[in-house]
Q: 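Following this message is one structure expressed as structure tokens.
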Amino acid sequence: MLDTKYNHLEIEKNKYNTWKEKGYFKADNESKKPPYCIVIPPPNVTGKLHIGHAYDTAIQDAIIRYKRMKGFDALWLPGMDHAAIATEAKVVKKLKDMGIDKYEFGRENFLEACWDWTHEYGDNIRNQWAGLGLSVDYSRERFTLDEDLNYAVRKVFVDYYNKGLIYKGEKIINWDPAAKTALSNEEVEYASEKSAFYHLKYQLEGSDKYLDVATTRPETLFGDTAVAVNEKDERYKDFVGKNVILPIMNKPIPVITDEHADMEKGTGCVKITPAHDPNDFEVGNRHNLERIIIMNDDATMNENVPEKYQGMTREECRDTVLEDLKEQGLLLEVEPLVHEVGHSQRTGVMVEPMVKKQWFVKMAPLAENVLKFQDDKDKKINFVPKRFEKILRHWMNISYDWCISRQLWWGHRIPAWYKGDEIYVGMEAPEGDGWVQDEDVLDTWFSSALWPFSTLGWPNNTKDLERYFPTDCLVTGYDIIFFWVARMAFQSEYLTGYRPFKDCVIHGLIRDEHGTKMSKSLGNTVDPFEMIDKYGADSLRYYLTTEGSMGLDLNFSEIKLTATWNFINKVWNASRFVLMNIEDLKEIKLDNLSSIDKWILTKYENTLKSVTKHMDKYEFNLAGTEIYEFTWNYFCDYYIEMAKYSIDNESTKSTLCYILTGIMKMLHPFMPFVTEEIYQILPVKDAESIMISSYPEYDKHLVFANEEIIVDDQIDFMKKFRNIKQENNMTKDLKILFEDSIYNDLVIKVLRLNENLINEPLSIKSYPVNSNNIKATIYFEKEETKEDIENKQKQIEDLKASILRREKLLSNENYVNKAPANIVEMDRVKLQEEKNKLEELLK
RNA sequence: GGAUUCUUAGCUCAGUUGGUUAGAGCAUCUGCCUUACAAGCAGGAGGUCGAAGGUUCGAGUCCCUCAGAGUCCACCA
């Protein structure tokens, strides 16, 4: 028999391995069932899974378990991401701590260290998936650097190159001076920083006139090759076409006109540094200006600046330049300013825009294709909630190309080879001597963009690809829509001709209890596995999936997690009661049903119908609330209490078992462990594991509208009775007189009324208790107090107000004619009830 | 500058296509160890749903304006 208390530690032991060994997680591409597929957003092999992963995967597991029980051949494909820059940074640091320099170590050795790292952290992640109870198909697990995924990557690269969708070009890119690699625009995060607008004096050549040029980056002046003003700017029209003297360098540079110079901003004069500013780069292109790169790869000043400044960091150089300018009287003004400065997402250092030769994906045709798909309702990705489609569409209007080369070692090496000026792009190294492969690897998102189909075997037309692609659903946070979802969309739609997934379920971020973003530096992170130790994976999963609503952030609350534990404990104890009483049940026979059996079955079927609807629409909070309410407020609070008086009855036992089974099945996607534990003890069950049992189907033959009304009325009576009893402090010796009713018996039992005092009205004070079908009067030895009178008066006032409101409503012709008939009828019934009650009170 | 979300009970949040007198958890008050559960049971108190307008027979829900908070994108010489 079950323990009196739910013990999550005990229950969650061993089940996972059993499921795994029995092969329940494995999809079967030979099966006759319709396929249903989700690919996991592959976690980076950089460390432990955090609460966000727990959230994301709990949702997916709920979906996949539901679909599996619903009769689908459900495939949840797991895997991990090599996370090029993120992992490389970790391994570099690890080696550094051991006193090893990456470059001295060499490419081969370094990659070996990365693989060791990957295997170690991969195992951790698999253990954590097990702890969460995720039903992923390990037989299909993939890693973004697997040989076949690498093949897919090379294939895309080569095809795109041949079609002109991938090209190598010298452009301005975001340079991470710490990782010494290029970044995409998406990998740059902006943060407000206190800085200043420095007004510099650019003297007109051979004149005492000068331009006041405002800049936030005085240290880049060494790379200036022009000063731009707006064509329409009257203030500077005499300067245009002449030269100004670049401070410190004492070099003449032209004053040009360009649309980029905004008359309203600053002084209207802009220094143009084509090699170190994206806008200036464009200006430089328009005017054929020289690009002078003034920094090394680590962002120290290079040989193109005067010797004095060479080797300085950007920051040191800025300070020195400012001092020197001040000395020379060329610093006109320092205007404090707060502005956004770009930082590398991974290393955190300030990004340096630099001109570099890199590989790019031409975005315009790919993006356009996605928009075409989104306009076709049979081809589009359906976002849940809908509003997130806008983020995709917005991102597809980008004007810049995607920089995909990274100066890293860990990743997919670019399949391009060079020999002198020759370049060869192909699946394998070209024949002949002297070819050297490109040193760089691809942006990690290049391979994860192929994830939904490369994992299923693409570009080979495998059985899995044919069966499971396009996938059915992708679950991820809104923070990576533009990183990942958008890229999967354009890659999939261009390469395969299909959307990568039909539905895209977007959830929010988990924040701390005050709504602050979790971060290691703030120390407000929540470790999901600590929570699992304390409350169990079932509690954590149910809490995460049913607490918030899709697309909104969730403020993590341990108190609510304990409330979930309490709910499971309640479920546990209800099961305990049921199992204690149905041990000898041989089969579930739902005939000769009593009134309460019919009542709870009706409530159950209606709940099931609604829960199924919510599950299909990914409305897990609503599904969860309904199951919770049904289980606690109807099944436990009333049915079990009432069933105690007919527990030997076969129909009661069958009903108990039937409903408990249904509750377990509805809860299983959210709390797999405890529901399996209880399912296993049921005397009658339809499968060897709840995981592979079938989800209950709504059965309209078990809906009894009449009994629902009758028992609801009995409950209504009981509530009113208890209310009066408690309000008047009638702890004992209350006497009750029932008017004739066929529905009293159960009420008398459940309310534990003293049989001797029924129908013996002999006391001072009397209280009427009426429901629709049951009418009674309670008598009690007590004087009427002032409070009693006040209470009664208040009740009368409330009733009168309500009657007035309803009469007014019902006399409104518009309402009566336009509102649905059942709503109007309900008001009529309610009105009559209120009138009856008022009459009663006024007696 | 563009987009978007949020504002509902003391706290944290639900609230489906507009439809009875707006719900939950926690906290709080009262009474109970009633044989599944005291991490429980029974009962209560607590909200003019951010503000003002509009559409409608009917608005927490739809529309407009405003206020406050958050997020994303763009700009930032």
Side-chain angles (χ1 to χ4, degrees), chain A residues 2 4-6 190 195 197-198 213-217 220 227-228 260-262 265-273 277 279-280 283 337-341 385 387-388 390-391 394-395 397-398 478-479 481-482 508-509 511 513-515 517 543 546-549 551-557 559-560 562-581 610 613-614 617 619 621-622 624-625 628-629 636-637 640-641 644 718-719 722-727 729 731 752 798 801-802 805-806 809 812-820 822-824 826-827 829-830:
Chain A
L2 304 184
T4 55
K5 269 200 175 60
Y6 161 58
Y190 290 85
S195 171
F197 238 158
Y198 301 98
V213 177
T215 179
T216 52
R217 301 205 59 197
T220 63
V227 171
H260 170 59
D262 184 337
K265 264 186 204 163
T267 58
C269 315
V270 198
K271 67 196 254 325
I272 302 299
T273 323
D277 182 279
N279 289 311
D280 295 2
V283 176
L337 171 85
V338 174
H339 72 151
E340 300 286 304
V341 178
R387 65 173 184 273
F388 289 106
K390 283 191 183 174
I391 297 185
H394 178 252
W395 202 78
N397 287 317
I398 54 162
Y478 60 70
D479 54 328
I481 293 176
F482 59 94
L509 308 178
R511 296 166 175 278
E513 56 179 331
H514 304 109
K517 201 170 173 178
Y543 164 69
T546 66
E547 173 66 16
S549 66
L552 296 185
D553 290 350
L554 180 68
N555 294 356
F556 188 85
S557 154
I559 288 172
K560 289 208 175 182
T562 62
T564 300
W565 191 98
N566 289 351
F567 173 52
I568 300 178
N569 188 50
K570 186 74 181 176
V571 169
W572 179 260
N573 274 292
S575 306
R576 194 167 165 261
F577 172 83
V578 174
L579 293 166
M580 274 164 71
N581 288 292
S610 175
K613 193 184 82 191
H614 292 312
K617 290 163 76 179
E619 294 167 344
N621 58 333
L622 299 177
T625 307
Y628 182 101
E629 227 175 65
C636 294
D637 288 350
I640 286 183
E641 289 310 315
K644 284 175 181 171
M718 289 191 263
K719 282 186 172 166
R722 283 168 172 160
N723 183 346
I724 288 169
K725 186 181 163 196
Q726 178 104 16
E727 291 282 283
N729 215 358
T731 46
R752 297 161 194 274
D798 288 351
S802 186
R805 190 188 66 82
R806 233 179 276 275
L809 190 63
N812 181 338
E813 273 181 42
N814 271 325
Y815 171 70
V816 176
N817 294 334
K818 289 184 186 172
N822 57 324
I823 303 269
V824 177
M826 206 157 19
D827 269 312
V829 170
K830 257 335 195 209

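Letters go in sequence order (proteins before strands), and every chain restarts at 1.
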Q: Going by purine N1 to pyrimidine N3 plus the second Watson-Crick contact, or the G-U wobble pair, all under 3.5 Å, which nucleotide sits opposite B:G50?
A: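 In the structure as shown, B:G50 has B:C66 as its Watson-Crick or wobble partner.
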Q: Should the side chain of A:K570 and the base of B:C37 be counted as holding a donor-acceptor pair, with the cut-off at 3.5 Å?
A: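 Indeed, a donor on one side and an acceptor on the other fall under 3.5 Å apart.
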Q: Please measure how far the C1' atom in B:A74 lies from the corresponding atom in B:A3, and state the result in whole Å.
A: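 The same atom, C1', in both gives a distance of 10 Å.
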Q: Could you label the plane-to-plane angle of the A:Y6 and A:W572 rings as parallel, tilted or perpendicular, counting under 30° as parallel and over 60° as perpendicular?
A: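 Tilted: the ring planes of A:Y6 and A:W572 meet at 30° to 60°.
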Q: Return whichever of A:F567 or A:D277 has its heavy-atom-nearest nucleotide of RNA chain B closer to the 5' end.
A: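 With A:F567 and A:D277 compared, the 5'-side residue is A:F567.
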Q: When all nucleic acid strands are considered with a 4.0 Å heavy-atom cut-off, which category describes A:S557: base, sugar-phosphate, or nothing?
A: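 Nothing, no heavy atom under 4.0 Å.
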Q: Considering Watson-Crick and G-U wobble pairs with both distances under 3.5 Å, what does B:U17 pair with?
A: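 Checking every strand shown, B:U17 finds no partner, since no pair has both distances under 3.5 Å.
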Q: Can you tell me how far P in B:U12 sits from the matching atom in B:U7, rounded to whole Å?
A: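 The answer is 12 Å between these two P atoms.
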Q: Looking only at the side chains, is there a donor atom on one of A:K271 and A:T220 sitting less than 3.5 Å from an acceptor on the other?
A: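 On atom types as modelled, these side chains qualify, holding a pair under 3.5 Å.
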Q: Once hydrogens and angles are ignored, does a donor-acceptor distance under 3.5 Å link the base of B:A36 to the side chain of A:E641?
A: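 It does, because a donor-acceptor pair links the side chain of A:E641 to the base of B:A36 below 3.5 Å.
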Q: Is it the case that B:U12 (base atoms only) and A:E513 (side chain only) share a donor and an acceptor within less than 3.5 Å, ignoring hydrogens and angles?
A: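 In this structure, the two groups form no donor-acceptor pair.
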Q: Does A:T625 or A:Y628 map to a spot on RNA chain B nearer the 5' end, using the closest nucleotide for each?
A: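 Final value for this comparison: A:T625.
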Q: Using a cut-off of under 3.5 Å, enumerate the N/O to N/O pairs linking the protein to nucleotides 55-58 of chain B.
A:
from, atom 1, to, atom 2, distance (Å)
B:C57, OP1, A:K818, NZ, 2.1
B:C57, O2', A:N812, ND2, 3.1

Q: With 3.5 Å as the limit, what N/O pairs link the protein to nucleotides 1-9 of chain B?
A:
from, atom 1, to, atom 2, distance (Å)
B:U4, OP1, A:K390, NZ, 2.5

